[in-house]
Amino acid sequence: MATVTLSNVVKRFGAFEVVHGANIDIKDGEFVVFVGPSGCGKSTLLRMIAGLEDISGGEIAIGGKLVNDVEPADRGIAMVFQSYALYPHMSVEQNLSFGLRMTGNPKADTDRRVKRAAEILRISELMDRRPKKLSGGQRQRVAIGRAIVREPQVFLFDEPLSNLDAELRVQMRVEISRLHKELGATMIYVTHDQTEAMTLADRIVVLRAGHIEQIGRPLDLYDDPDNLFVAGFVGSPKMNFIKAQIVGRDAHGVVVELAGQEKTRITQPLAGAAPEAGSKVIVGVRPEHFGSAGEGDTDLVVAIDVVEHLGGTSFLYARTAHGEDVVIQRDAAKVPTTSEVTVSIRKSYLFDEKGLRLR
Amino acid sequence: MRNRNATAYRFLAPYLLIFSVFWVWPIISSFMISFQATRTVPWRFAPGFNWGRLIGDPAFFNALKNTLLILVIQVPVMIALAMVMAVLLNSPLLKARGLYRFAFFAPVVVGEVAYSAVFRLMFSLDFGIVNKLLNSIGLPKIDWFSNVTPAMALIMIAVTWRWAGYNAIILLAGMQSIPEDVYEAATLDRVSKLKQFFHITLPLLKPVIVFCLVLSIIGTMQLFTEPFLITERGGPGGGTETLGLLLYRQGFRSLNFGYASAVAYTMAALAIAITLVQLWLTREKQ
């Protein structure tokens, strides 16, 4: 187990900079997830920690030791690849033991490690099979097993569940969580799936276009996003954004009027300086923060387009009078049968025109 | 469905007709001719005439020995060389990759007569650049065309020059189909580049290597151009005569079609037998 520290880490491909000075402190035994849309630099960051990509600037330390110029094999890390990267011509047992055999590790120790990994991942009965005879989930277990036998200080996972079907993904997510508890190792996990990030992580690093947007515990990101991007990325269905403008300030905070709806005003507590009256802002409302009429500051009439029934919960896909799409979460028993419904905003977030949170 | 099949066969008919007349019939015909004494007029059926002669013919065994010698020495050397070339071509450090690929592949498209003429010049006793180079490093000149061992070596060098690049390109295509992350996983497993080559690249390339070997075996069994043009009809004194050349000499110089057909069938049978053994030895073990 070890800490991982990234200080001003930069990555350039030619003149093109893809990671712009990343600073991350990962604690010993922590499970950190890098999440962001495709091309945000999360995999590049992981590969730089692994040593599979050179670092263009900054420093990376593992276990307090600077590893910028240390070979990947000497960094004390193990990596699980998206494509599994199993050796197709070797059996499961050979896949697990290959690295140890090639480096002259004593046979008894190799056997012990392979047996332990197989038991942890419940693949003992698959040891003689080749990868092509395994299902996707079994291959993923073997790939994780290959990382376990190395007994690394840090586990790196590069979108390990992307190639699995939805049901297996949920199952493997639980397995990885269990594995983290069992091994207690530092784990860094890359995904574009915010659900994976929310369910697995001790802390999440949200990335966009090579910049770190926010680092925090899953519920902190959900409840207290720093900006519009994080607010929209974390949570499913995503947060609704409604255009608005500042109309003044009262004792409770800043008063905001939703665009195109003169009488729809909400008061937002604000500790910092409020933008001038007339400034354009964005109000963010999570689907579950729409209440029934009268429950919040103001009521809002929306036209329902589609209702999605998920059992206990339903989602109303609707439009405001100003034409903005919103998703509203309702208990299945409280789904309206009319084409219009009046809702209130129980809780909201305020963002300035640049997308930064106004607190 | 039957109608649709009939229409398809009608479209195929012109090709099938030409294929039957110029491919299938000669194969059957030459097999029948191999059982006939063709140096008498009219030809007569004599099963033991050609096949019997084959068993005791020193010229046949000389050609067989030469062909197998080339097969055993040249083919493995060429495939090994092609592998080295493919590894170099696959290196991320290599600049002007496209130029090298073209250069390695170019010998295949050079005309056989032109390349043979250039080889004769290069290896000429008095004017050849090869002997000049040997001299310049203090080694004696070699008479490549008058002694059997150098002549055989020359044939092997020429064939290797012509086909190594071709095989390298095929091996390179195979190498590039091996996913990069398999190597990255091995790198993280502390496996050295050399061990990665022997334990990952070679086993995963096995089907491609077998393909190259089979093509090369078939090619060598038919070897004709180089001993015909470079060492002047299998010279010196039949020292580089191959089965292909023997077939040509018997069939088209002595007009002994029966015996030439028997040689042709022997060549085909040997190529099939060697290839089958090869495939059996390199089969995927479950």
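None of these values were measured; they are calculated from a predicted model. Residue numbers begin at 1 in each chain, while the letters A, B, ... track the order of the sequences.
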*asked:* Quick check for you: to the nearest 0.5 Å, what is the distance between A:T103 atom OG1 and B:K195 atom NZ?
replied: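 Nearest 0.5 Å value for the OG1-NZ distance: 7.5 Å.
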*Once you round to the nearest 0.5 Å, how far does CD1 of B:I200 lie from NE2 of A:H89?*
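Reported to 0.5 Å precision, the distance equals 6.0 Å.
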*Is there a donor-acceptor pair under 3.5 Å between the side chain of A:Y87 and the backbone N or O of B:A186?*
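A pair under 3.5 Å: yes.
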Tell me if the [atom1] atom of [X] is crowded by more than 12 foreign heavy atoms within 6.0 Å.
X: B:F102; atom1: CZ; answer: no
X: A:D111; atom1: CG; answer: yes
X: A:E151; atom1: CD; answer: yes
X: B:Y166; atom1: OH; answer: no
X: B:F11; atom1: CZ; answer: no
X: B:Y100; atom1: OH; answer: no
X: B:F211; atom1: CZ; answer: no

Closest heavy-atom contact between [X] and [Y]?
X: A:A73; Y: B:T187; answer: CB-O, 3.4 Å
X: B:V182; Y: A:A85; answer: N-CB, 4.1 Å
X: A:M90; Y: B:H199; answer: CE-O, 3.8 Å

Answer yes or no: is there a side-chain heavy-atom contact under 4.5 Å between [X] and [Y]?
X: B:Y183; Y: A:L52; answer: no
X: B:D189; Y: A:M102; answer: no
X: B:D181; Y: A:Y84; answer: no

*For the candidates A:R150, A:R101, A:R47, A:M79, which exhibits the highest count of non-hydrogen atom pairs separated by less than 4.5 Å from chain B?*
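Among the listed options, the one with the most contacts to chain B is A:R150.
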*Would you check, one step at a time, whether the test side chain to side chain contact (heavy atoms under 4.5 Å, CB included) holds for A:D74 with B:R190?*
CA-CA 8 Å; A:D74 300 326; B:R190 291 174 157 269; 3.0 Å; yes
